[in-house]
Chemist: 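Sharing a structure below in C-alpha cells format, with a few things to ask.
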Amino acid sequence: MQLSLLTQLRQQNPVVLNISNFVTVQDVANGLNAIGASPIMSEEVAEAEALVQMSGAVALNLGAFTQQQLTQIRQTGKLANQYHKPLIVDPVAIGAVAYRRTIATQLLQDFQVDIIRGNAGEIAALADVTWQAKGIDAGAGDGDLVAIAQAAAQKQHCVVILSGPTDVITDGQRVVQIQNGTPLFQLHVGSGDMLSSIVAAFAAVSAGDYFTAAQTACLVFASAGERVAAQLSQERPGTFAAQLIDELHLITTEAVAQIARYTVGKDE
Amino acid sequence: MQLSLLTQLRQQNPVVLNISNFVTVQDVANGLNAIGASPIMSEEVAEAEALVQMSGAVALNLGAFTQQQLTQIRQTGKLANQYHKPLIVDPVAIGAVAYRRTIATQLLQDFQVDIIRGNAGEIAALADVTWQAKGIDAGAGDGDLVAIAQAAAQKQHCVVILSGPTDVITDGQRVVQIQNGTPLFQLHVGSGDMLSSIVAAFAAVSAGDYFTAAQTACLVFASAGERVAAQLSQERPGTFAAQLIDELHLITTEAVAQIARYTVGKDE
Amino acid sequence: MQLSLLTQLRQQNPVVLNISNFVTVQDVANGLNAIGASPIMSEEVAEAEALVQMSGAVALNLGAFTQQQLTQIRQTGKLANQYHKPLIVDPVAIGAVAYRRTIATQLLQDFQVDIIRGNAGEIAALADVTWQAKGIDAGAGDGDLVAIAQAAAQKQHCVVILSGPTDVITDGQRVVQIQNGTPLFQLHVGSGDMLSSIVAAFAAVSAGDYFTAAQTACLVFASAGERVAAQLSQERPGTFAAQLIDELHLITTEAVAQIARYTVGKDE
C-alpha cells in the first residue's frame with residue numbers, strides 16, 4: 001500500500017484514455033477529474049494512436065460495446081502495449097452474457113492486460129469457475145474469492161481486482177484484501193466502471209508497480225465511499241453519487257490512513 | 001392498483017433489458033437500480049437473444065436512435081414477443097418529428113407491444129389526433145386526454161400510459177387517472193424515460209396483468225417525485241434528480257398509500 | 001450586454017438542436033432545460049432537416065465523434081446555414097488531438113459558423129497559435145488571450161468565446177471580458193459543453209446579434225456558477241454540478257446584475 005501515489009496523481013494530473021461504457025461515461029469522466037486525473041473519452045479508431053501516445057494509462061471497458069467499437073477496443077489495446085502504457089480492462093457482465101465472455105476471451109489474446117477489475121461473477125468467468133452471475137450484478141457462488149482471483153490472475157498474467165464487500169487484489173501470488181467500503185456502491189450503477197478508470201490513473205503514476213497501484217486505488221476509492229456513507233442517515237444512492245465525486249476531490253491521504261482496514265495475505 | 005407489486009419487485013429484483021436513449025441512459029439505469037430492479041443496457045444485436053432470455057421485461061426507447069440501432073430495436077422487440085417477455089415502448093418525440101413517427105409506426109407493426117408510455121403529444125400521434133407537439137415536450141392541444149389515450153390503446157391493442165400533470169392509464173376500456181406528481185418531473189430531462197423502464201420492472205413481476213402493473217408503477221413514481229418536491233423550498237431540478245433516485249430506493253408502500261390520489265374511470 | 005435576453009429565452013422556450021458529445025449529453029440537456037430552452041439531441045442524419053427546421057438554434061459539439069457522425073455533423077451544419085439558424089460550434093480538444101483539429105478545420109470550410117466557444121488551447125489552435133494543450137483541458141501558454149480570440153474570430157468570420165477564469169468574447173474587433181465564475185467549472189466535466197449549448201439558446205432569441213447573445217450567455221452562466229460556489233464551504237464538484245442545474249433554473253436577471261463583473265474592451 002502506498003498512499004503517496006494519491007499525492008503523485010494530483011501533482012502529475014495524468015491523462016487517462018477511456019474506451020468507455022456509454023451507460024456510465026459521464027460519471028467516470030467526473031470521477032477521474034475529481035480525483036485529479038485528466039479524462040479523455042473516444043469512440044473513433046482514427047485518433048486512437050494519438051490518444052494512446054498522450055495518455056498516462058488506458059482503461060478499456062467491455063460493457064455495452066458494438067461490433068464496430070470492437071475494432072477500436074482491439075486497436076487501442078494493442079497500441080497501449082506498443083507504447084508501454086498501463087492497460088486496465090473492466091470485463092462488464094462477462095459472467096452473465098456468453099457473447100461478452102467470448103469477445104473478452106478473444107480480446108485478452110490480442111493484447112496483454114496489466115490489471116483486470118471486475119466483480120465476483122466477472123472474475124469467476126475469467127478463471128473458468130462456475131458462478132451464478134446475474135446481469136451486471138455480481139450474483140452468488142460458493143467459491144473461495146481469493147482462490148478465484150488468484151486463478152484469474154495466473155491465467156491472464158496480470159494483477160486482478162475482485163471487487164465486492166471485500167476487495168481482493170492479487171498478482172496471482174501476493175494478496176491484499178480491503179474491508180473498507182459501503183453497500184451504497186452496489187446501489188449506484190457505474191461505481192465499478194469508475195473504480196476501473198481510477199485504477200488506471202493510479203497505474204499511470206506507479207512506475208510499473210501495478211500491484212501497489214491497484215490496491216492503493218481500491219483503498220482510496222473504498223474509503224471515499226465509506227466516508228460519504230458515514231454522513232448519510234439513510235441509504236441515498238442519488239445523493240451518494242454526487243457526494244462521492246465531492247469526496248474523491250476532497251479526500252486526503254491522512255483521512256484514508258485513519259480509516260484504512262486491510263489485510264495482507266489470504267486470511268481476512 | 002396493487003402496491004404489493006413494489007414489494008415483489010424488490011424481492012424478485014427482475015433484470016430489465018433496455019434499448020435506451022443515449023441522452024438519459026445512466027439516469028434510467030440508476031432509477032431501475034434504486035427501485036430494486038437489475039438494469040442491463042445494450043447496443044449490440046449479437047447479444048439480443050441472450051439478453052432477452054435472461055430478462056424479466058424489455059423496454060424499448062425510441063428516442064435518439066440511428067438507422068443501425070433500428071435493426072437492434074426491431075430484433076429485440078420480436079425476441080421479446082417470441083420469449084413472451086413484457087414489452088414496453090416509449091415513442092420519444094414522435095409527435096414532433098415525422099421521421100420518428102414513421103419509424104415508430106413501422107416498428108409497431110413488426111411486434112406486439114404490451115405497454116406504451118408517452119406524453120400527450122406522443123400518444124396523440126399514435127392515435128392520429130392532431131396535436132401541437134414541441135420537440136421532446138408534450139406541447140399543447142385541446143383534445144380529451146382520456147379519449148386520446150383510449151383511442152391509442154385500442155389502435156395498438158395494448159395498455160397506454162399518457163403521462164402529464166395527470167397520468168392517464170388505460171387498456172382501451174378501463175381507465176385510471178393519477179393526480180400525484182410534481183412539475184419538477186418536466187424540468188428534469190429523462191423523467192419519462194425513467195418511468196418507462198420502471199413500468200417494465202413492474203410488468204416483470206405482474207404475472208401478465210399489465211394494466212395493473214402500469215398504473216402501480218405510475219403511482220409509485222409520481223408519489224416518489226411528489227415526496228421529494230414537498231421537501232424542497234424552491235424548484236431545484238438538479239437536486240430533485242439526485243433525490244428522486246434516493247426516494248425510489250427509500251419509498252415504502254405505506255408512504256405511497258398515504259398520499260395516493262387517483263380515480264378509477266373517465267371522470268377526474 | 002443585454003440581460004433581458006434571459007427573460008426572452010424563458011418566455012420563448014426555443015428548441016435547441018444538439019449534435020452532442022456522448023460524454024456529457026445528459027448534463028447538457030438538463031442545463032438547457034433548466035435555463036428555459038427545449039433541448040433535442042440526435043445521432044441520425046435522416047431526421048436532420050426536420051430537426052433543424054423546428055429549432056431556434058443549432059449547437060455542434062466536436063468532442064468524441066465517429067467517422068459516421070461526421071456525415072451528420074456536416075449535413076446539420078449546412079442545413080443550419082440553409083435555414084438561417086444560428087450555428088454554434090464547440091471544438092473540443094482540437095488543441096490536443098491533431099485528428100480532431102484536421103476534421104474541425106475541414107468542417108469550418110463546409111459551413112459558416114456564427115459563434116465558436118472553446119478553452120484557450122482550442123481557440124489557440126483555431127488561430128494557429130502555438131499552445132500546450134492537454135487532453136480536454138485548456139493547458140498553458142504565454143499568449144495574449146484577447147489577441148488569440150480576436151485572431152480566431154477574424155479567421156473564422158464569427159464571434160469567438162474563449163472560456164477560462166476570465167471569459168473573452170469578441171467579434172474580431174469588439175471585446176468583452178467577464179470576470180465572474182468559479183474554479184469549480186474546471187472540476188466538472190462538461191461545463192464547457194453546457195455553456196456552448198446555452199449560448200445557442202441565447203442566440204436563438206437574439207434576433208441575429210450574436211456578439212450580445214454570446215456575452216450575455218457567458219455572464220449568466222458564470223454568475224450562476226459563482227452563486228452556487230459561494231454557498232459551498234468546500235470545493236464539492238458533484239454537489240456543484242447538481243446545484244448548477246438548480247441555479248440555471250432559479251437565477252434572475254436581478255441576481256446576475258448584482259454580481260456582474262465585466263469590462264468592455266481589451267484591458268481587464
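Computation of the quantities below employed the complete heavy-atom set of this structure, encompassing side-chain atoms and omitting hydrogens, waters and symmetry-equivalent molecules. Owing to the predicted nature of the structure, the values given are computational and were not obtained by experimental measurement. Naming: A, B, ... by sequence-line order, numbering from 1 per chain.
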Chemist: Which region of A/Leu17, side chain (C-beta onward) or backbone (N, CA, C, O), has a non-hydrogen atom less than 4.5 Å from a non-hydrogen atom of chain C, or is it both or neither?
Modeler: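 Neither part, no heavy atoms under 4.5 Å.
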Chemist: Quick one about C/His188 and A/Asn33 (side-chain donor to acceptor, distance below 3.5 Å, no hydrogens or angles considered), yes or no?
Modeler: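 Their side chains do not contain a donor-acceptor pair, so the 3.5 Å distance test is not met.
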Chemist: May I ask you to list the residues in residues 232-243 of chain C that approach chain A closer than 4.5 angstrom, counting heavy atoms only, ordered by number?
Modeler: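 Counting heavy atoms that sit under 4.5 Å from chain A, the residues of residues 232-243 of chain C involved are C/Gln234, C/Glu235, C/Arg236, C/Pro237, C/Gly238, C/Thr239.
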Chemist: Might you point out which heavy atoms bring C/Thr66 and A/Glu43 nearest each other, and give the distance in Å?
Modeler: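 The pair with the smallest heavy-atom distance is CG2-O, 3.5 Å.
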Chemist: Quick one: does any side-chain atom of C/Gln67 pair with a main-chain N or O of A/Glu44 as donor and acceptor, under 3.5 Å?
Modeler: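 It does not hold such a pair.
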Chemist: Quick one: pull up CG in C/Leu187 and CG in A/Leu248 and give me the separation to the nearest 0.5 Å.
Modeler: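 Between C/Leu187 CG and A/Leu248 CG, I get 11.5 Å after rounding to 0.5 Å.
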Chemist: Roughly how far, to the nearest 0.5 Å, is OG of A/Ser42 from CZ of C/Phe22?
Modeler: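 So the gap between those two atoms works out to 7.0 Å.
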Chemist: Which value, rounded to the nearest 0.5 Å, describes the distance between A/Asp27 atom CG and C/Gln26 atom CD?
Modeler: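 Going from CG on A/Asp27 over to CD on C/Gln26, the span is 10.5 Å.
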Chemist: Search all heavy atoms of C/Val189 against all heavy atoms of A/Asn30 and return the closest pair with its distance.
Modeler: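 Answer, listing the atom of C/Val189 first, then A/Asn30: N-OD1, 2.9 Å.
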Chemist: Quick one: list whatever passes salt bridge (Lys or Arg N to Asp or Glu O under 4.0 Å) with A/Asp209, sequence neighbours left out.
Modeler: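 Salt bridge (Lys or Arg N to Asp or Glu O under 4.0 Å) list for A/Asp209, sorted by chain: empty.
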